[in-house]
Amino acid sequence: MVKQTKRDWLDLATKEMKGGDPQALNWQTPEGIEVKPLYTQEDLKDIDHLDNLPGYEPFLRGPKATMYAGRPWTIRQYAGFSTAEESNTFYRKALKGGQRGLSVAFDLATHRGYDSDHPRVVGDVGKAGVAIDSVEDMKTLFDGIPLKDMSVSMTMNGAVIPVLASFIVAGEEQGCPREALSGTIQNDILKEFMVRNTYIYPPSPSMRIVADIIEYTAKEMPKFNSISISGYHMQEAGSNLVQELAFTLADGREYVRTAIAKGMDVDKFAPRLSFFFCIGMNFFMEAAKLRAARLLWSRVMDEFKPKDPRSKMLRTHCQTSGVSLQEQDPYNNVVRTAYEAMSAVLGGTQSLHTNSFDEAIALPTETSARLARNTQLILQHETGITNVVDPLAGSYYVESLTQNLIDEAWALMEEVESLGGMTKAVESGMPKQRIEEAAAKRQASVDKGESVIVGVNKYHPTSETEFDILEVDNTAVRLGQVTKLKRIRNERDEAACQAALEFLEEVAKSDGNILEAAVEAARARATVGEISSAMENVFGRHKAEVKTISGVYGGEYKNDPRFAEVENIISNFANQLGDDPKMLVVKMGQDGHDRGAKVIASAFGDMGFEVHSGPLFQTPEEAAKMAIEKDVHVIGVSSHAAGHKTLAPLLVQELAKQGAADKIVICGGVIPQQDYNFLREAGVAAIFGPGTNIPDAAEALVAMLQEKLRGKN
């Protein structure tokens, strides 16, 4: 048989293209990596990692020699349902259905360190997770679930001290000593300042909290992972894969330095560090990303000269992408999640959460959560995927992608180092700006139809798909939590509780361990909000500077006739109005997910609106006051965490109360179709759900403003 060469292929491809250049088939990823239509052995000649074996440094092919052939990944579904009682019921059913670990989602009031009776969290209690105000809630959450036998992951960062302290005390009172508790606390505050924004304290004291938790768990909780360094929220905020990889590992490097600076031996804590990545729809790139991450982390840890090889292992949990899920044609999300799950497994994840198909619209129902869990069970038991370690190894394409990601991510990590490390980089705003620019470019690509999303910008469904969604009665949940808080405060030893909180403040002022003091406060039945406030008295509460990028979204539309048409429509209306149309983009409540708000502000600004962005965490009263001060025509409410039915009507009422009922209120984000009529009846003029084309939305909004202007005249 005659051996074919790449030259032979080029000749044949040229003929098939009728004389065209096969190089025209090359594709550039959002990361700027050039992907060719054909890879051969030639593409592997300069790659050094091909001889690596799983279980050996640098662990590119997996941290364990046998990987899934010895033990499959852990199925760990992330869930929290309003109250501890409801969540406990769900967890028990999930464990009976084949789940092997628990992953707790907390509501936004808890994330931000507020008790459920605080006036700033009226629309947030029980939304997007479970409300935890005290040790008593934590005990209910795990009632009948033996913590000595169960690995528990908790996604908590801002209020990490009171939540972890309450978990420790709940375990002890269940009969599980702290040294027997196993699981992971996220405790990754740097990414909060970059993307997710559920921070409480400024960066410096926040990093001290991270170090105190690493120190305490290393001494007291040997089975517990003290930190889960998270890239997931970066990709959800719009980062490309190189950014997610580089910034996540740079965060990890910073945490290791912080712990060592506190006097800790690297081998005492590094084996308990874990990572958390998002898995999106670029199938092979995502698998390559996990392989690259393991090699890069081993390289980073070499800097700290550990003696234990486990200190160099990158262990990771993964979650399928939430932002890839779509409201339109929602059953397509089942397919998307299955592909993403397989990509994560082929990349070698240690545990996995699969999103439910309805999470682009609302919290998952019990049925949709079961389908998501069964997606993993089918992967484990029906596909044969667990029989071979790293089955993609040696693929010309995947190995090339892996090396591309290693090179590109390392270059970005070195750029972070040149700024003085990740804390300094975060303070400079560089990572946040880069991610926001990537998000704006991605949105423009979707709106232009260059990036195809089936059912959204191509192959539209001919009819709406109806299905049940989970409805949370925010008012009822809040009232229930307030009742429990009153009972706890009435029944506790108030003097002992206050003494414990005062001691916590003193420790925060000194160099003692904050978590150790917080455990005693939780034992005295101090609440999550009270423990957070005690630390806030010392550290203060962080307020981010509001910045909006410009020129990126519009720059992607250079010479695009549709974009020029919308610009002209806005310009003509501005001439008619005698001023640029003004918009205020607001995020009310404690939801820090601001990707949508930032993209809208950037895009509308590029099209000709004068856009003002409100600070995060506004109340309806504060948003209404700002709208009046800025004299805007439109207030755009960005909703991501199901608070819209409470907060948007309150904003409309507050505008009327302050004499500004003529201002147009619109809503966008994760809003179920079932809620549209409710919002319209409450005074919301228009709702732009997930998948909305931004130029189309701008044209529709100008039409509304023109109609209103005609009514005035």
Side-chain angles (χ1 to χ4, degrees), residues 57-59 63-64 74 101 151-158 160-161 163-165 167-168 171 177-192 203-231 247-277 293-317 350-351 413 421-423 507 511-519:
E57 295 181 35
F59 307 107
K64 301 290 185 183
T74 300
S151 172
V152 177
S153 173
M154 292 181 286
T155 300
M156 179 53 61
N157 302 282
V160 62
I161 288 287
V163 166
L164 183 52
F167 175 72
I168 291 167
R178 67 188 70 172
E179 61 267 21
L181 289 169
S182 66
T184 304
I185 188 81
Q186 193 161 94
N187 192 29
D188 177 7
I189 202 63
L190 285 173
K191 69 98 173 45
E192 297 295 328
S204 181
S206 294
M207 287 297 286
R208 182 221 167 149
I209 287 169
V210 170
D212 280 6
I213 290 171
I214 293 173
E215 179 185 55
Y216 182 93
T217 52
K219 291 178 181 176
E220 305 285 340
M221 304 168 70
K223 298 173 67 178
F224 201 81
N225 297 324
S226 56
I227 189 166
S228 172
I229 303 149
S230 175
F247 292 149
T248 304
L249 298 181
D251 281 351
R253 181 189 251 164
E254 192 83 341
Y255 293 133
V256 172
R257 285 180 178 147
T258 301
I260 289 173
K262 199 171 173 66
M264 297 185 65
D265 179 344
V266 65
D267 287 322
K268 295 295 184 185
F269 67 87
R272 305 307 304 175
L273 300 179
S274 67
F275 287 80
F276 175 26
F277 287 105
R294 288 190 288 269
L295 182 144
L296 285 168
W297 185 243
S298 180
R299 184 186 294 179
V300 166
M301 291 306 295
D302 274 335
E303 300 168 11
F304 304 106
K305 298 179 172 53
K307 297 180 178 63
D308 186 343
R310 295 178 304 157
S311 295
K312 296 184 183 182
M313 289 181 183
L314 181 142
R315 289 158 294 271
T316 190
H317 170 72
Q350 275 71 63
S351 69
M413 291 169 71
M422 203 59 182
T423 302
V507 169
D511 60 355
N513 191 286
I514 293 172
L515 178 56
E516 185 175 17
V519 168

Are [X] and [Y] side-chain neighbours, meaning at least one heavy-atom pair lies under 4.5 Å?
X      : Y      : value
Ile260 : Phe304 : yes
Pro271 : Asp308 : yes
Ile227 : Phe269 : no
Glu215 : Met264 : yes
Glu57  : Pro309 : yes
Pro58  : Lys312 : no
His317 : Gln186 : no
Asn157 : Lys191 : yes

Please give me the minimum heavy-atom distance between [X] and [Y], naming the atom from each residue.
X      : Y      : result
Ile189 : Tyr255 : N-OH, 3.0 Å
Asp267 : Ser311 : OD1-OG, 2.6 Å
Ala517 : Val507 : CB-CG2, 3.9 Å
Arg315 : Arg310 : NH1-O, 3.5 Å
Ile214 : Ala259 : CG2-CB, 4.1 Å
Ala293 : Leu314 : O-CD1, 3.6 Å

* To do: Using the side chain to side chain contact (heavy atoms under 4.5 Å, CB included) rule, take Val210 and Thr258 through it: C-alpha gap first, then chi angles, then the decisive distance, then the call.
  => CA-CA 8 Å; Val210 170; Thr258 301; 5.8 Å; no
* Asked: In terms of ring plane angle, is the pair Phe224 and Phe167 parallel, tilted or perpendicular, where the classes change at 30° and 60°?
  -> tilted
Under 3.5 Å, side chain of [X] to main-chain N/O of [Y], donor-acceptor pair present?
X      : Y      : answer
Thr316 : Phe275 : yes
Arg294 : Phe59  : yes
Asp251 : Leu190 : no

Rounded distance [0.5 Å steps], [atom1] in [X] versus [atom2] in [Y]:
X      : Y      : atom1 : atom2 : value
Leu164 : Leu181 : CG    : CG    : 9.0 Å
Ile168 : Leu515 : CD1   : CG    : 4.5 Å
Ile514 : Glu516 : CD1   : CD    : 11.5 Å
Ser182 : Asn225 : OG    : CG    : 9.0 Å
Asn187 : Ser206 : CG    : OG    : 10.0 Å
Met413 : Thr248 : CE    : OG1   : 9.5 Å

* Asked: Leu273 and Ser226: side chain to side chain contact (heavy atoms under 4.5 Å, CB included), yes or no, with the steps?
  -> CA-CA 6 Å; Leu273 300 179; Ser226 56; 4.3 Å; yes
* To do: Please test Arg272 against Met221 for side chain to side chain contact (heavy atoms under 4.5 Å, CB included), starting from the C-alpha separation and ending with a verdict.
  => CA-CA 10 Å; Arg272 305 307 304 175; Met221 304 168 70; over 6 Å; no
* Does atom NZ of Lys262 have more than 12 heavy-atom neighbours, drawn from other residues, nucleotides or ligands, at distances under 6.0 Å? -> yes
* side chain to side chain contact (heavy atoms under 4.5 Å, CB included) between Met313 and Trp297, intermediate numbers included -> CA-CA 7 Å; Met313 289 181 183; Trp297 185 243; over 6 Å; no
